[in-house]
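Worth saying up front: this structure is predicted, and the values here are computed from it rather than measured.
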Amino acid sequence: MAAKTVLNYLPRESVVHKLTGTTKLAFFLLFTFASMITYNTWVLLGLFAVSIAAFKLSKIRFKEVRFMMIFMLVFLLLNNLFIFLFDPNQGTTLYGTKHVLCHLFWRYDVTQEQLFYMLNISLKYFVALPVAILFISATNPSEFAASLNSIGISYKVGYSVAIALRYIPDIQRDYHSISQAQQARGVELGKNEHFFARLKNSVNILLPLILTSLNRIDVISNAMELRGFGKNKKRSWYMKRPFEKRDFLTLGLGVVLLVISLTVTIRFGRFYNPFV
């Protein structure tokens with residue numbers, strides 16, 4: 001059975017995939033900044049709609065990125081829990097009112113303001129994550145390296161990032177293969193075993209995985225050195241493509257979204273307050 005990998009390039013025939021790497025990188029930065037600077041619920045809902053629409057256009061199925069979505073939800077729940085534990089009155093401080101729904105214990109009151117504040121925090125995650133996953137899944141690593149170089153980053157750094165992105169699925173496949181080999185030798189890693197026992201047995205996978213990774217790194221380094229990588233100040237890119245009309249439209253959309261977010265933030269403030 002083939003190993004399932006995450007954070008890897010998923011080729012599709014879609015509008016998103018046809019955009020150049022530079023366009024996708026620039027839009028990702030513009031969109032992320034637009035979502036970072038505001039806590040206005042209406043702006044975040046609008047950005048969330050754009051994020052979902054872009055994900056639909058990419059033709060990437062939910063089950064292909066389900067692991068990252070579940071990971072985000074778990075992280076989001078923990079984040080909200082710690083926000084409430086460390087400062088249960090953050091929402092009341094920001095919005096200037098206090099509407100208590102119920103009292104738990106000591107200084108912990110569940111208020112409408114705190115729930116609304118945590119809703120906005122959650123929205124920011126839901127806005128940014130689909131675009132981040134989409135950027136990784138819809139951008140060829142070699143094209144991503146070319147896009148980094150096009151915005152002024154050294155081609156050595158860009159190429160290193162591209163190799164790292166290509167290497168992530170390989171590590172996952174190696175882990176899966178070594179895991180199956182260890183289970184064939186009687187090392188139990190299945191769900192029937194206790195969690196701590198599985199954790200202990202997983203250590204047996206780490207050493208072969210590290211050795212395999214180091215060997216692959218050595219092979220790649222030697223191959224790049226033999227080909228004279230890094231001798232010149234510039235290089236050409238096989239995957240680099242010229243801008244087309246859809247690229248300019250996408251960049252224009254990113255700028256418009258950023259301007260709207262900035263305008264609303266400057267004129268009405270970072271927080272939308274429904275309690276006054």
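Between I266 atom CD1 and S261 atom OG the span is 9.5 Å, to the nearest 0.5 Å. One distance of note links CG of L44 with OG of S122; it measures 10.5 Å at 0.5 Å rounding. With rounding to the nearest 0.5 angstrom, the CG atom of L81 is 9.0 Å from the CZ atom of F86. For the atom pair CG (L253) and CG (L258), the distance works out to 11.0 Å, reported to the nearest 0.5 Å. Atom CD1 of residue I60 and atom CZ of residue F55 lie 6.0 Å apart, to the nearest 0.5 angstrom. Note that CG of L30 and CG of L251 are 7.5 Å apart. Values are rounded to the nearest 0.5 Å.
For the side-chain contact (heavy atoms from CB on, under 4.5 Å) with K18, the qualifying choice from E244, R12, E13 is E13, the only one to do so. The side-chain contact (heavy atoms from CB on, under 4.5 Å) with L47 is formed by just one residue from the set I260, I52, V127; it is V127.
Judged purely by atom type and a 3.5 angstrom limit, T250 uses its side chain to pair as donor or acceptor with the backbone of R246. Side-chain atoms of K24 do not come within 3.5 Å of backbone N or O of I136 as any donor-acceptor pair. Looking at E113, its side chain does come within 3.5 Å of a backbone N or O of H99 through a donor-acceptor pair.
Side-chain contact between L73 and F126 is present, with at least one heavy-atom pair separated by less than 4.5 Å. Side-chain atoms of I83 and Q114, non-hydrogen and from C-beta on, do get closer than 4.5 Å to each other. The closest side-chain heavy-atom distance from T32 to F135 is not below 4.5 Å. Side-chain atoms of P130 and L134, non-hydrogen and from C-beta on, never get closer than 4.5 Å to each other. Proximity of Y125 to I121: side-chain heavy atoms (C-beta onward) are separated by under 4.5 Å at one or more points. Put simply, the side chain of K98 reaches to within 4.5 Å of the side chain of D109, judged on heavy atoms. The shortest side-chain heavy-atom distance between T265 and N40 does not fall under the 4.5 Å cut-off. Using a 4.5 Å heavy-atom cutoff, the side chains of V264 and W42 are not in contact.
Note on M36 and V43: separate hydrophobic clusters, where clusters join Ile, Leu, Val, Met, Phe, Trp and Tyr whose side-chain heavy atoms are under 4.5 Å apart, directly or indirectly. Both V16 and L129 are assigned to one and the same hydrophobic cluster, defined by single-linkage of ILVMFWY side chains at heavy-atom distances under 4.5 Å. With hydrophobic clusters built from ILVMFWY side chains whose heavy atoms lie under 4.5 angstrom apart, F268 shares a cluster with Y272. Hydrophobic clustering of Ile, Leu, Val, Met, Phe, Trp and Tyr side chains at less than 4.5 Å, counting indirect connections, unites F105 with L101. Follow the hydrophobic side-chain contacts under 4.5 Å out from L29 and you never reach L249; the two are in separate clusters.
Y95 and Y117 have their aromatic ring centers separated by at least 6.0 angstrom.
Annotation: F71, atom CZ; neighbour count of heavy atoms from other residues, nucleotides and ligands within 6.0 Å does not exceed 12.
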(request) Using the side-chain contact (heavy atoms from CB on, under 4.5 Å) rule, take L123 and T41 through it: C-alpha gap first, then chi angles, then the decisive distance, then the call. (result) CA-CA 8 Å; L123 264 177; T41 311; 4.0 Å; yes

(request) List the steps and the verdict of side-chain contact (heavy atoms from CB on, under 4.5 Å) for F271 and F116. (result) CA-CA 11 Å; F271 296 90; F116 188 68; over 6 Å; no

(message) Pair F243, T22 - check side-chain contact (heavy atoms from CB on, under 4.5 Å), show working.
(response) CA-CA 9 Å; F243 274 44; T22 305; 3.9 Å; yes

